[in-house]
2 protein chains.
Amino acid sequence: MQQTIIDTLKRNQLSITDSRKKILELFAKANGALAHFDIEHQSGAEFDRVTIYRTLQTFVEKGIIHTIPSADNSIRYALCKEDCAGGHHHDDHVHFMCDSCGTTYCLDHVNVPQLDLPKGFRAVQTDVVVSGVCSKCAGA
Amino acid sequence: MQQTIIDTLKRNQLSITDSRKKILELFAKANGALAHFDIEHQSGAEFDRVTIYRTLQTFVEKGIIHTIPSADNSIRYALCKEDCAGGHHHDDHVHFMCDSCGTTYCLDHVNVPQLDLPKGFRAVQTDVVVSGVCSKCAGA
DNA sequence: AACTATTTTGCAACATTGTTGCATTGTATT
DNA sequence: AATACAATGCAACAATGTTGCAAAATAGTT
Ligand SMILES: [Mn+2]
Ligand SMILES: [Mn+2]
Ligand SMILES: [Zn+2]
Ligand SMILES: [Zn+2]
């Protein structure tokens, strides 16, 4: 696990630092997406807030994590799949936010659909965010 | 126009106040969605920031406007169609944010698609936000 | 292992966005 | 016009995010 994390950093030409290792580890452990808030708490005040912001920015730029839009003003982040790289994200899957437990899922097997846009509109990225009740919360 | 605005407020059992009239008017004039920031500027510091926030909240609750999620930490709002009402929004259309001019469009004629979610996931709302270049900016 | 160039971090300060409590003002109703 | 009620403005606060800069850590070289 530690080795995978270090490999990921090296592959992206990032120097190996405590904060980067820790934050990547949190993403690997997490079963859903993480917001800045989650990371700040789960890392136990180990790093400065600013460092977390900058690390997240770096990871997004490198194609290690991707952002998930929301209507509640806190961006969530989740690990990318293999084929994302610097500046070129390919996370064309749907995201799901559970209203009950708050978890944000990457539905890796639900692809974002092709859309017929009005004449003249050119799509560069399509974000689909579904909210509702997740399978864990429905089963309970 | 003024009459339509007053009618909308009355239909929703809202008292007629200067800020509500002005903000509704801004939405009626706007060709896209508006963020709090836009309203604060376009209304020329006529109202307190808090009043704008509360007015937007009220309008959302009444089904007069709907929110549009984003990954840039500022919620956008746009007028709902006829069939939205208190607590029951029916804005099942796609939204488009132009990377060039910044305008956010309601693509009223592009419906959000039906999705096959994994077993156990129940969708309550689906938001589709496309970003790219709008027809105005492409034409220029 | 020590040296050095370059990156990263922590801190302070600030900006933006949004919320809450409460006294004052405005609106609707009689 | 008087009253009951709702909306507003102000102050204070909270959460989220950004920037500049000095100190510390990292990576590559001797
Ligand atoms: Mn994802
Ligand atoms: Mn819309
Ligand atoms: Zn859940
Ligand atoms: Zn445009």
Side-chain angles (χ1 to χ4, degrees), chain A residues 2 5-26 33-62 64-65 67-77 86 102 104, chain B residues 2 5-26 33-62 64-77 86 97 102 104:
Chain A
Q2 274 295 92
I5 286 172
I6 289 174
D7 283 350
T8 301
L9 291 174
K10 281 190 175 156
R11 194 176 339 115
N12 288 281
Q13 295 143 66
L14 292 172
S15 42
I16 319 293
T17 69
D18 289 348
S19 57
R20 287 176 180 166
K21 277 190 289 184
K22 180 68 179 180
I23 292 176
L24 255 191
E25 192 184 317
L26 289 178
L34 298 175
H36 176 275
F37 178 91
D38 303 318
I39 295 167
E40 195 174 342
H41 281 70
Q42 290 179 30
S43 62
E46 198 174 343
F47 313 107
D48 194 81
R49 276 166 18 85
V50 177
T51 299
I52 297 174
Y53 279 116
R54 291 200 266 230
T55 302
L56 290 172
Q57 248 177 238
T58 303
F59 285 178
V60 169
E61 281 161 15
K62 289 291 187 177
I64 300 172
I65 59 177
T67 60
I68 303 165
S70 78
D72 75 347
N73 280 76
S74 83
I75 301 172
R76 262 139 252 211
Y77 303 85
T104 299
Chain B
Q2 273 296 92
I5 285 171
I6 289 174
D7 283 348
T8 301
L9 291 174
K10 281 190 176 158
R11 189 170 352 107
N12 288 281
Q13 296 144 64
L14 293 172
S15 42
I16 318 294
T17 69
D18 289 348
S19 56
R20 286 174 180 168
K21 276 189 288 185
K22 181 69 181 179
I23 292 176
L24 256 192
E25 192 184 318
L26 288 178
L34 297 175
H36 175 276
F37 177 92
D38 303 316
I39 295 168
E40 194 173 342
H41 281 70
Q42 291 179 32
S43 62
E46 196 174 344
F47 313 106
D48 194 82
R49 278 168 14 85
V50 178
T51 300
I52 297 174
Y53 280 116
R54 290 200 266 232
T55 303
L56 290 173
Q57 250 177 236
T58 303
F59 285 178
V60 170
E61 281 161 16
K62 289 292 186 178
I64 299 172
I65 60 178
H66 60 276
T67 61
I68 302 165
S70 79
D72 76 345
N73 283 77
S74 81
I75 300 172
R76 263 138 256 221
Y77 303 85
M97 300 183 47
T104 299

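Here is how names work: the chains are called A, B, and so on, in the same order as the sequence lines, proteins then strands, and each is numbered from 1. Since the structure is predicted, the reported quantities are computational estimates derived from the model, not experimental observations. For the numbers below, each heavy atom of this structure counts, side chains included, while hydrogens, waters and symmetry mates do not.
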Write down the atom of [X], the atom of [Y], and the distance for their closest heavy-atom approach.
X        : Y        : answer
Ala33(A) : Ile68(A) : CB-CD1, 3.7 Å
Ile52(B) : Glu40(B) : CD1-CA, 3.8 Å
Met97(B) : Ser70(B) : SD-CB, 4.3 Å

- From CG (Leu14(A)) to OG1 (Thr8(A)), nearest 0.5 Å: 10.0 Å

- Query: Does some side-chain heavy atom of Glu46(A) sit less than 4.5 Å from a side-chain heavy atom of Ser19(A)?
  - Reply: no

For [X] and [N], give me the distance from atom [atom1] to atom [atom2], rounded to whole Å.
X        : N       : atom1 : atom2 : value
Asp38(B) : dT16(C) : CG    : P     : 14 Å
Ile75(A) : dG18(C) : CD1   : C1'   : 15 Å
Glu40(A) : dG10(C) : CD    : C1'   : 13 Å
Tyr53(A) : dT16(C) : OH    : P     : 15 Å
Lys62(A) : dT8(C)  : NZ    : C1'   : 14 Å
Leu34(B) : dT17(C) : CG    : P     : 14 Å
Leu56(B) : dT17(C) : CG    : C1'   : 12 Å

- Map Phe37(B) and Gln13(A) onto DNA chain C by nearest heavy atom, then report which one ends up closer to the 5' terminus. Gln13(A)

Tell me if a side-chain donor or acceptor on [X] pairs with a main-chain N or O of [Y] at a distance below 3.5 Å.
X        : Y        : value
Asn12(A) : Leu9(A)  : no
Ser43(B) : Ile39(B) : yes
Asp48(B) : Val50(B) : yes

- Query: So does Gln2(B) have more than 12 non-hydrogen atoms from other groups sitting under 6.0 Å from CD?
  - Reply: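 It does: Gln2(B) CD has more than 12 such atoms within range.
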
- Message: Both Arg49(B) and Asn73(B) contact DNA chain D. Taking the nearest nucleotide for each, which residue is further toward the 5' end?
- Response: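 With Arg49(B) and Asn73(B) compared, the 5'-side residue is Arg49(B).
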
- Please give the angle, rounded to 10 degrees, between the axes at the start and the end of the helix from dA1(C)-dT30(D) to dT30(C)-dA1(D), where five pairs define each axis.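 Axis angle across the helix from dA1(C)-dT30(D) to dT30(C)-dA1(D), nearest 10°: 30°.
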
- Message: Strictly under 4.0 angstrom, non-hydrogen atoms only: write out the protein contact profile of nucleotides 21-30 of chain C, one letter per nucleotide from the 5' end, B, S or -.
- Response: B-----SS--

- Item | No-hydrogen, no-angle side-chain donor-acceptor test under 3.5 Å, Arg76(A) and Ser74(A) | yes

- Message: Considering every strand and a 4.0 Å limit on heavy-atom distances, what is the contact class for Gln57(B): base, sugar-phosphate, or nothing?
- Response: sugar-phosphate

- Message: Taking the ring centre of each residue, are His36(B) and Tyr53(B) less than 6.0 Å apart?
- Response: yes

- Task: Could you tell me from which nucleotide to which nucleotide of DNA chain D, 5' to 3', there is an atom under 4.0 Å from chain A heavy atoms?
- Result: dT16(D) to dA27(D)

